[in-house]
Asks: 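Please see the structure below; I have some questions.
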Amino acid sequence: MATLTVKRADRLIAMSVLGTLLLVWLVLAGFDSLLQFVRQLGNIGKNGFSLYDAIAYIMLTLPRRLYQMFSNAALIGGLLGLGGLAATGELTALRAAGMSKLRIAGSAAGVIAVLTLAVVVMGETAAPYGDQHAQAIQVRMRSSNLGSTSSGLWARDGGRIINAKSAIAVQDGDRTTVKLVDVRVYSFTPDGQLSVFSHGDSATHDGNKWIMSKVRTTTLDDQGTHSTNEDTQTWASRLNPHVLEQSVIHPEYLSMADLRRNIRYLDNNGQNSGVYAVAFWGRALFALNTLVLVLCAMPFAFGSLRSGGLGKRLFIGIILAIGWYFLQGAMVNFGTVYGMPPLLANLLPTTLLVAGALAYFRRFG
């Protein structure tokens with residue numbers, strides 16, 4: 001009978017938290033999508049950008065928005081769910097029945113953990129896939145000569161077609177620039193025949209011109225094909241680097257596999273991969289950070305929230321979410337500036353929260 005009672009109590013807690021979490025999650029992601037949709041409406045008419053494109057962009061980026069909003073939704077939804085039980089006296093009854101605060105918090109965190117795993121899978125599959133196609137819409141809107149597909153970035157430059165397998169952000173002093181990786185340039189004659197094919201390992205813009213590295217150029221003419229190799233080559237292209245900087249996918253939108261690939265490429269070429277390493281460990285620790293954040297917020301449901309209403313619980317949840325956002329950002333930036341390993345920089349705010357939560361439950365649990 002005791003086991004059955006415990007299971008019923010767990011189900012009561014889980015359903016209360018689940019209902020409020022899903023509602024808050026829908027509101028946060030919906031509000032963010034609505035704001036972005038309004039911004040996209042201002043782009044209608046640019047290079048053929050239409051209302052359909054604006055709607056498609058929002059739908060394609062919705063999985064990423066759901067992923068980004070989940071931690072805050074879990075925090076606020078958990079507080080509202082347990083706070084609702086506290087307001088009706090059910091939380092007090094559970095405590096009187098012998099359930100510890102840690103056990104109640106664990107029941108709430110259990111349902112959140114299941115959802116978190118599903119969100120992590122979505123963040124590694126549907127979210128990057130949607131962002132890749134949404135990025136293609138944005139690239140076409142910014143420049144009629146640019147396009148983006150699963151095979152990389154494509155651009156028309158006069159009588160040439162340019163293909164880069166990927167475009168990555170690299171740190172150049174105080175500014176971030178774009179490097180094109182695995183670049184292919186196809187030059188055609190006026191009658192549409194391929195005349196020159198160039199392949200470079202990478203291409204960067206120095207502020208005045210494009211420079212390709214490790215270039216192999218093959219010329220096709222009546223006498224056959226002729227190939228030359230150069231370590232560097234000035235690339236006379238009108239490709240706008242500023243448009244590329246605006247179009248390159250943000251590291252935090254990439255999957256862990258893509259982040260790891262970019263980190264490996266930059267490390268192998270002796271370049272700073274910090275921006276991708278920070279994003280990688282932020283993704284890797286997403287589930288842990290979410291659960292820790294939720295558990296550390298649970299003590300508020302056992303104390304002052306009993307005497308407060310929905311407004312008070314919502315206010316505390318929002319304050320905690322904002323505080324966590326700034327704490328994590330400050331810790332990560334601090335670690336990056338002072339050369340702290342990205343893993344340690346991402347773990348530091350979580351460790352502080354875990355220490356605070358353990359201290360509370362040990363003293364009052």
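Side chains included, hydrogens not; waters and symmetry mates left out as well; all remaining heavy atoms used. Counting from 1, the numbers follow the sequence of the chain as shown. Only a predicted model underlies this, so the values are computations on that prediction, with no experimental measurement involved.
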Asks: Measure across Ile104 and Ile13 and return the closest heavy-atom pair with its distance rounded to 0.1 Å.
Replies: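 Ile104 and Ile13 have their closest heavy atoms at CG2-CD1, 3.8 Å.
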Asks: Give the C-alpha distance, both sets of side-chain angles, the deciding distance and a yes or no for side-chain contact (heavy atoms from CB on, under 4.5 Å) between Arg65 and Phe31.
Replies: CA-CA 10 Å; Arg65 298 179 196 283; Phe31 184 68; over 6 Å; no
Asks: For the residue pair Thr61 and Ala134, what are the closest heavy atoms and their distance?
Replies: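 Where Thr61 meets Ala134 most closely, the heavy atoms are CG2-CB, 3.5 Å.
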Asks: Does CZ in Phe188 sit with more than 12 non-hydrogen atoms of other residues, nucleotides or ligands closer than 6.0 Å?
Replies: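 It does: Phe188 CZ has more than 12 such atoms within range.
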Asks: Mind listing the closest non-hydrogen atom pair of Ala203 and Met212 along with its distance?
Replies: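 The answer is CB-CG, 3.9 Å.
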Asks: Can you see which heavy atom on Ser198 is nearest to which on Val215, and at what distance?
Replies: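 What the structure gives for the nearest pair is CB-CG1, 4.4 Å.
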Asks: Hydrophobic cluster membership, with links at side-chain heavy-atom distances under 4.5 Å among I/L/V/M/F/W/Y: are Leu23 and Val111 in one?
Replies: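 Per the 4.5 Å side-chain linkage, Leu23 and Val111 are not co-clustered.
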Asks: Quick check: does any side chain N or O of Ser213 sit under 3.5 Å from a backbone N or O of Asp201, one acting as donor and the other as acceptor?
Replies: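 Checked: no pair found.
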Asks: Hey, what's the ring geometry for Trp210 with His205, parallel, tilted or perpendicular (30° and 60° as the breaks)?
Replies: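 Trp210 and His205: perpendicular rings.
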Asks: Is there a side-chain contact (heavy atoms from CB on, under 4.5 Å) between Asp53 and Asn43? Walk through the geometry before answering.
Replies: CA-CA 10 Å; Asp53 292 322; Asn43 295 324; over 6 Å; no
Asks: At their closest point, which heavy atom of Val120 faces which heavy atom of Ala287, and how far apart are they?
Replies: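 Shortest heavy-atom separation between Val120 and Ala287 comes out as CG2-CB, 4.2 Å.
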Asks: If we ignore hydrogens and angles and just use 3.5 Å, is the side chain of Asn268 paired with the main-chain N or O of Arg264 as donor and acceptor?
Replies: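 Between the backbone of Arg264 and the side chain of Asn268 there is a qualifying donor-acceptor contact (under 3.5 Å).
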Asks: Under 3.5 Å, is there a donor-acceptor pair between the Ser187 and Ser195 side chains?
Replies: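 Result is no, nothing qualifies.
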Asks: Do Met59 and Tyr129 land in one hydrophobic cluster if side-chain heavy atoms of ILVMFWY residues count as linked below 4.5 Å?
Replies: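 In one cluster: no.
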Asks: Go through it in stages, so that I can follow the logic: the residues are Leu79 and Thr20, the test is side-chain contact (heavy atoms from CB on, under 4.5 Å), and I'd like the CA-CA distance, side-chain angles, deciding distance and then a yes or no.
Replies: CA-CA 9 Å; Leu79 277 178; Thr20 54; over 6 Å; no
Asks: Stepwise, does the salt bridge (charged side-chain N to carboxylate O under 4.0 Å, His left out) test hold for Asp258 with Arg261?
Replies: CA-CA 5 Å; Asp258 290 333; Arg261 182 196 64 212; 3.3 Å; yes
Asks: State whether the side chain of Thr116 and the backbone N or O of Ile112 hold a donor-acceptor pair below 3.5 Å, judged by distance alone.
Replies: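 Indeed, once roles are kept as given, a pair shorter than 3.5 Å links the two residues.
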Asks: Which atom pair, heavy atoms only, marks the closest approach of Leu21 to Ala73?
Replies: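 Result for this residue pair: CG-O, 3.9 Å.
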Asks: Could you see if Val27 belongs to whatever hydrophobic cluster contains Met69? Use Ile, Leu, Val, Met, Phe, Trp, Tyr and a side-chain cutoff under 4.5 Å.
Replies: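 No; Met69 is not reachable from Val27 via cluster members.
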Asks: Where the side chain of Trp25 meets the backbone of Leu66, is there a donor-acceptor pair that is under 3.5 Å apart?
Replies: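 Judged by distance alone, yes, a pair lies under 3.5 Å.
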Asks: Can any side-chain N or O of Asp131 pair as donor or acceptor with the backbone N or O of Pro128 at less than 3.5 Å?
Replies: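 Not a single qualifying donor-acceptor pair exists.
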Asks: Does the side chain of Val181 come within less than 4.5 Å of Asn262's, by heavy atoms?
Replies: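 Of all side-chain heavy-atom pairs linking Val181 with Asn262, none is under 4.5 Å.
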Asks: Would you mind listing every salt bridge (charged side-chain N to carboxylate O under 4.0 Å, His left out) that reaches into residues 111-124, with sequence neighbours excluded?
Replies: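 Of all non-adjacent pairs touching residues 111-124, those that pass salt bridge (charged side-chain N to carboxylate O under 4.0 Å, His left out) are Glu124-Arg283.
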Asks: Is there side-chain contact between Leu115 and Phe70, with heavy atoms separated by less than 4.5 Å?
Replies: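 Contact flag for Leu115/Phe70 side chains = yes.
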Asks: Would you say the side chains of Thr350 and Asn289 form a donor-acceptor pair under 3.5 Å?
Replies: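 Indeed, the side chains of Thr350 and Asn289 share at least one donor-acceptor pair under 3.5 Å.
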Asks: Using the six-membered ring wherever Trp is involved, compare the ring planes of Tyr67 and Phe286 and label them parallel, tilted or perpendicular (cut-offs 30° and 60°).
Replies: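 Aromatic pair Tyr67/Phe286 classed parallel.
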Asks: Please name all residues satisfying salt bridge (charged side-chain N to carboxylate O under 4.0 Å, His left out) with Arg184, sequence neighbours left out, ordered by chain then number.
Replies: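 Arg184: salt bridge (charged side-chain N to carboxylate O under 4.0 Å, His left out) contacts with Asp182.
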Asks: Side-chain heavy atoms under 4.5 angstrom apart, residues restricted to Ile, Leu, Val, Met, Phe, Trp, Tyr: same cluster for Leu80 and Leu12?
Replies: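 Yes; tracing contacts between hydrophobic side chains, which count when under 4.5 Å, links both residues.
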Asks: Using side-chain heavy atoms (C-beta onward) and a distance below 4.5 Å, is Arg103 in contact with Asp10?
Replies: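 Yes. Closest side-chain heavy atoms under 4.5 Å.
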Asks: Quick one, Ile55 with Gln40, criterion side-chain contact (heavy atoms from CB on, under 4.5 Å). Give me CA distance, side-chain angles, the key distance, then yes/no.
Replies: CA-CA 9 Å; Ile55 296 174; Gln40 293 303 315; over 6 Å; no
